[in-house]
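No experiment lies behind these values; they were computed from the predicted model shown. FYI, side chains are in, hydrogens and waters are out, and symmetry mates aren't considered; it's all heavy atoms of this structure.
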Amino acid sequence: MSQIQRALTKFILNPSNHDVLAIVKGVRNGIVYGTKIRFPHALVMVFLFGSGTPRDKFKKILTATRQHAVRLGMYVAIYKTILTIQRDLLTNGKETPDQSFIAGLIGGWYMFGERTPINEQVRNTD
C-alpha cells in the first residue's frame, strides 16, 4: 500500500472526520441523483420540443443536467454543513427537528433564490 493510500485510509477511518466525509458523500450523492433524474428528462424534452441542430440539442441536455446536478449537490452541502454547525455549536452534539427545518430553509433559499430554467419548472407546477 502506498503512502498516499495509507494516509487516506487513516483520514477516512478517523472518527473525528465523520462530519466532513458525510458532507462530501452527500454532495457526491446529490450530484449522482441529479444527473440520473435530469439527464433522461432533458433528453426527452429537448428532442421532443427543442429546436436546433443535434449538436445544439446535446449541449442543452448537458447544460441542464450539469446545472441540476451541481445545484442539488450544493443544496446537500449547505444543508449538511448548517446541520453540523448547529449541532456542534448550539446543542452540544444533539440534533433537534428545528435544526433540520432551519438547514432546509437556508438550503432552499439558496436553491430557489435565483431564476433559472430548473427553478421556473418547479415554481410553475403549482
Side-chain angles (χ1 to χ4, degrees):
M1 189 181 284
S2 74
Q3 199 171 17
I4 294 173
Q5 287 176 321
R6 277 191 286 269
L8 282 173
T9 302
K10 185 177 178 182
F11 180 82
I12 290 169
L13 295 177
N14 186 345
S16 65
N17 297 326
H18 176 266
D19 293 334
V20 172
L21 293 171
I23 293 168
V24 170
K25 183 179 177 183
V27 169
R28 184 211 54 190
N29 290 345
I31 290 170
V32 168
Y33 182 75
T35 301
K36 283 181 171 182
I37 295 302
R38 188 62 184 181
F39 182 78
H41 179 265
L43 182 71
V44 169
M45 297 306 284
V46 167
F47 277 104
L48 285 180
F49 303 111
S51 60
T53 65
R55 183 183 181 115
D56 291 338
K57 290 180 180 184
F58 190 66
K59 282 184 180 180
K60 288 178 188 177
I61 292 166
L62 291 180
T63 300
T65 302
R66 185 182 136 280
Q67 182 182 27
H68 187 94
V70 168
R71 290 182 64 81
L72 192 55
M74 283 300 299
Y75 173 80
V76 173
I78 291 167
Y79 178 82
K80 286 191 170 270
T81 301
I82 301 239
L83 272 181
T84 301
I85 290 169
Q86 290 180 102
R87 186 192 67 220
D88 292 346
L89 296 180
L90 303 177
T91 58
N92 297 325
K94 296 179 183 174
E95 291 186 21
T96 61
D98 58 332
Q99 291 172 350
S100 295
F101 175 76
I102 291 168
L105 189 68
I106 293 170
W109 171 75
Y110 169 78
M111 286 291 292
F112 297 107
E114 89 182 61
R115 294 179 73 102
T116 66
I118 307 282
N119 291 348
E120 290 302 313
Q121 285 180 0
V122 173
R123 286 183 185 149
N124 293 329
T125 59
D126 295 344

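- Hydrophobic clustering of Ile, Leu, Val, Met, Phe, Trp and Tyr side chains at less than 4.5 Å, counting indirect connections, keeps F39 apart from I31.
- To the nearest 0.5 Å, atom OG of residue S100 and atom CG of residue L105 are 12.0 Å apart.
- Between Q5 atom CD and I12 atom CD1 the span is 10.5 Å, to the nearest 0.5 Å.
- Taking the side chain as every heavy atom from C-beta outward, K60 and K57 never approach each other to under 4.5 Å.
- Around the CZ atom of R87, the shell of radius 6.0 Å holds more than 12 heavy atoms that belong to other residues, nucleotides or ligands.
- Around the CZ atom of R55, the shell of radius 6.0 Å holds no more than 12 heavy atoms that belong to other residues, nucleotides or ligands.
- Contact record, T65 with A42: OG1-CB, 4.4 Å, taken as the closest heavy-atom pair.
- A77 approaches V27 most closely through the heavy-atom pair CB-CG2, 3.5 Å.
- Within a 6.0 Å radius of CG in L48, other residues, nucleotides and ligands contribute more than 12 heavy atoms.
- Other residues, nucleotides and ligands contribute more than 12 heavy atoms inside 6.0 Å of the CZ atom of F47.
- In this structure, the separation between OG1 on T81 and CE on M74 is 8.5 Å, given to the nearest 0.5 Å.
- Nearest heavy atom pair, residue D56 against residue G52, reads OD2-CA, 4.2 Å.
- Within the 3.5 Å criterion, the main-chain N or O of F11 finds a donor-acceptor partner in the side chain of N17.
- Inter-residue side-chain proximity for R71 and M111 is flagged as met; some heavy-atom pair is nearer than 4.5 Å.
- Between the CD1 atom in I23 and the CD1 atom in I82 there is a gap of 10.0 Å [rounded to 0.5 Å].
- Taking OG1 of T84 as the reference point, atom OH of Y79 lies at 10.0 Å (rounded to 0.5 Å).
- Distance alone, capped at 3.5 Å, places no donor-acceptor pair between the Q67 side chain and the A64 backbone.
- Scanning both residues, V76 and G30, for their nearest heavy atoms gives CG2-CA, 4.4 Å.
- Using a distance-only test at 3.5 Å, with no hydrogens or angles considered, a donor-acceptor pair links the side chain of Q86 to the main chain of Q99.
- At a threshold of 4.0 Å, the pair K80-D19 does not count as salt-bridged, since none of the basic side-chain nitrogens sits closer than that to a carboxylate oxygen.
- The shortest side-chain heavy-atom distance between F49 and V44 does not fall under the 4.5 Å cut-off.
- Y75 contributes atom OH, which lies 10.5 Å from atom CD1 of I106 (distance to the nearest 0.5 angstrom).
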